[in-house]
Amino acid sequence: MKPVTENYLKLIFNLQQNHPGAVKPLLISKSLEVTPPAVSEMLKKLADEHYIEYIPYHGVKLTKKGLIQGQNMVRRHRLWELYLHKILGFPWDKVHQEAELLEHASSDDVINKLEEVMGFPEYDPHGDPIPSKEGIFPKALASLPLSKCKVNDSLKVVRVSDFDNEFLHYIDTLGIQLQQHLVVEDIRSFDHSFLISIGSRKETISEFTAQHIFVIREGN
């Protein structure tokens with residue numbers, strides 16, 4: 001299978017996880033930064049090969065065949081991201097592009113060994129779940145965006161959106177990592193920015209940033 005095909009199936013799988021139901025071609029176009037006509041042509045090929053089905057006036061949905069392949073690519077990507085971060089020491093804002101290359105060049109035997117060497121991990125460096133080779137996802141944590149929290153909430157970071165490497169680098173400069181403990185000190189009414197405590201330090205973050213940091217309340 002060509003890398004471009006694998007990338008489409010991986011993206012559609014991820015989009016289906018976050019947007020239940022059919023996936024709009026325009027959303028695929030924006031995510032891949034590819035023109036709508038080029039996306040339409042590729043989707044037609046995927047449909048002809050029975051990886052997706054078109055749902056009139058709604059969008060596309062993975063078939064069982066497409067679901068298996070898309071999930072497999074997500075597994076490969078997240079395992080490589082974790083290996084690069086945990087074993088090789090790459091910062092979490094540098095692992096995505098390297099994982100994009102490695103996921104297409106690895107055999108299933110290599111991926112399975114990678115998973116074994118790392119102790120069958122459940123989450124990647126950003127807190128996203130890693131499916132097992134049987135396609136089983138770890139139990140989802142009952143997390144919520146930091147933006148939904150209240151003053152005096154004591155929290156633990158369990159996931160950070162990895163939509164942009166610059167954003168991840170910014171989060172890193174704040175000293176925010178997975179399993180980091182935070183306390184909401186104040187929420188400013190005029191712009192909904194958050195004043196948070198990170199250990200002995202205090203930082204102000206925007207509402208947008210808070211929307212992309214996922215936490216659980218302490219004790220959960």
Side-chain angles (χ1 to χ4, degrees), residues 1-84 92-93 95-108 110-112 114-115 121-141 143 145 159-165 167-168 211-212 214:
M1 183 182 294
K2 294 181 179 179
V4 64
T5 302
E6 293 176 333
N7 284 337
Y8 266 81
L9 295 176
K10 179 178 67 176
L11 175 65
I12 296 170
F13 180 88
N14 280 328
L15 290 175
Q16 281 190 189
Q17 300 302 300
N18 298 319
H19 303 83
V23 176
K24 303 286 187 184
L26 185 58
L27 185 56
I28 297 173
S29 175
K30 289 180 178 178
S31 298
L32 292 175
E33 298 182 345
V34 175
T35 63
V39 169
S40 294
E41 182 178 350
M42 187 63 192
L43 293 179
K44 185 178 184 304
K45 291 180 181 178
L46 292 177
D48 289 344
E49 294 172 4
H50 307 293
Y51 285 112
I52 64 170
E53 60 176 319
Y54 270 104
I55 301 175
Y57 309 108
H58 289 278
V60 301
K61 192 172 182 179
L62 292 172
T63 61
K64 183 177 180 180
K65 177 183 177 182
L67 188 69
I68 291 171
Q69 189 61 40
Q71 183 172 266
N72 182 46
M73 294 311 300
V74 166
R75 175 171 177 261
R76 287 164 167 260
H77 185 85
R78 292 177 181 174
L79 281 170
W80 272 122
E81 284 194 328
L82 186 61
Y83 184 85
L84 289 163
W92 66 356
D93 57 310
V95 298
H96 177 74
Q97 290 178 324
E98 297 295 337
E100 283 284 332
L101 298 173
L102 291 164
E103 68 191 48
H104 300 295
S106 308
S107 68
D108 286 337
V110 168
I111 295 298
N112 291 338
L114 202 66
E115 180 183 47
E122 295 187 328
Y123 300 95
D124 76 1
H126 315 107
D128 288 313
I130 301 173
S132 68
K133 65 181 179 181
E134 294 80 19
I136 299 171
F137 278 83
K139 183 179 179 181
L141 297 172
S143 64
R159 184 167 72 86
V160 175
S161 294
D162 63 346
F163 65 94
D164 182 83
N165 287 338
F167 175 77
L168 286 172
Q211 289 170 349
H212 292 85
F214 295 86

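Along the sequence shown, the residues carry numbers beginning at 1.
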Closest non-hydrogen atoms of Glu115 and Ser132, given as atom of the first, atom of the second and distance, are OE2-CA, 3.9 Å

4.5 Å side-chain heavy-atom contact, Trp92 and Asp162: no

Using the side chain to side chain contact (heavy atoms under 4.5 Å, CB included) rule, pick out the option among Leu102, Ile130, Val110 that qualifies with Leu79. Ile130

Contacts table for residues 38-52: side-chain donor-acceptor under 3.5 angstrom, sequence neighbours left out:
| residue | atom | partner | partner atom | Å |
| --- | --- | --- | --- | --- |
| Ser40 | OG | Pro36 | O | 3.1 |
| Lys44 | NZ | Asp48 | OD2 | 3.3 |

Flag if over 12 foreign heavy atoms under 6.0 Å of OH, Tyr83: no

Atom pair CD (Gln71) and NZ (Lys10), whose distance is rounded to the nearest 0.5 Å: 14.0 Å

Are the side chains of Asn112 and Arg75 in touch, meaning some heavy atoms are under 4.5 Å apart? yes

Rounding to 0.5 Å, atoms CD (Gln16) and CG (Leu11) come to a distance of 10.5 Å

Side-chain heavy-atom pair Arg159, Tyr123 within 4.5 angstrom cut-off: no

Any side-chain heavy-atom pair of Trp80 and Leu101 under 4.5 Å: no

Any side-chain to backbone donor/acceptor pair from Arg78 onto Asp128? Under 3.5 Å, distance only. no

Check this for me: Lys30, atom NZ, are more than 12 non-hydrogen atoms of other residues, nucleotides or ligands nearer than 6.0 Å? no

Report the C-alpha separation of His104 and Met73 in whole Å, then their side-chain angles, then the decisive distance to 0.1 Å, and conclude whether the side-chain contact (heavy atoms from CB on, under 4.5 Å) test is met. CA-CA 8 Å; His104 300 295; Met73 294 311 300; 3.7 Å; yes

Taking NZ, NE, NH1 and NH2 as the nitrogens, is one of them in Glu6 or Arg76 under 4.0 Å from a carboxylate oxygen of the other? no

Say whether, by atom type as modelled, one donor and one acceptor occur between the side chain of Ser29 and the main chain of Pro25 under 3.5 angstrom. no

Using 0.5 Å steps for rounding, measure from the CD1 atom of Ile55 to the NZ atom of Lys24. 9.5 Å

Is His96 close to His126 at the side-chain level, that is, under 4.5 Å between some pair of heavy atoms? no

His77 versus Asp124, side-chain donor and acceptor atoms under 3.5 Å: no

If you count every heavy atom of other residues, nucleotides or ligands that lies below 6.0 Å from Glu33 atom CD, does the total exceed 12? no

Contact check, side chains of Asn72 and Ile111, non-hydrogen atoms, under 4.5 Å: no

Can any side-chain N or O of Ser161 pair as donor or acceptor with the backbone N or O of Phe163 at less than 3.5 Å? no

So, taking the atom named CD in Gln69 and the one named CD1 in Ile12, what distance separates them when rounded to the nearest 0.5 Å? 12.0 Å

Is there side-chain contact between Asn7 and Glu103, with heavy atoms separated by less than 4.5 Å? yes

Would you say the side chain of Val34 lies within less than 4.5 Å of the side chain of Tyr8, judging by non-hydrogen atoms? yes

Can you see which heavy atom on Leu27 is nearest to which on Leu15, and at what distance? CD2-CD2, 3.9 Å

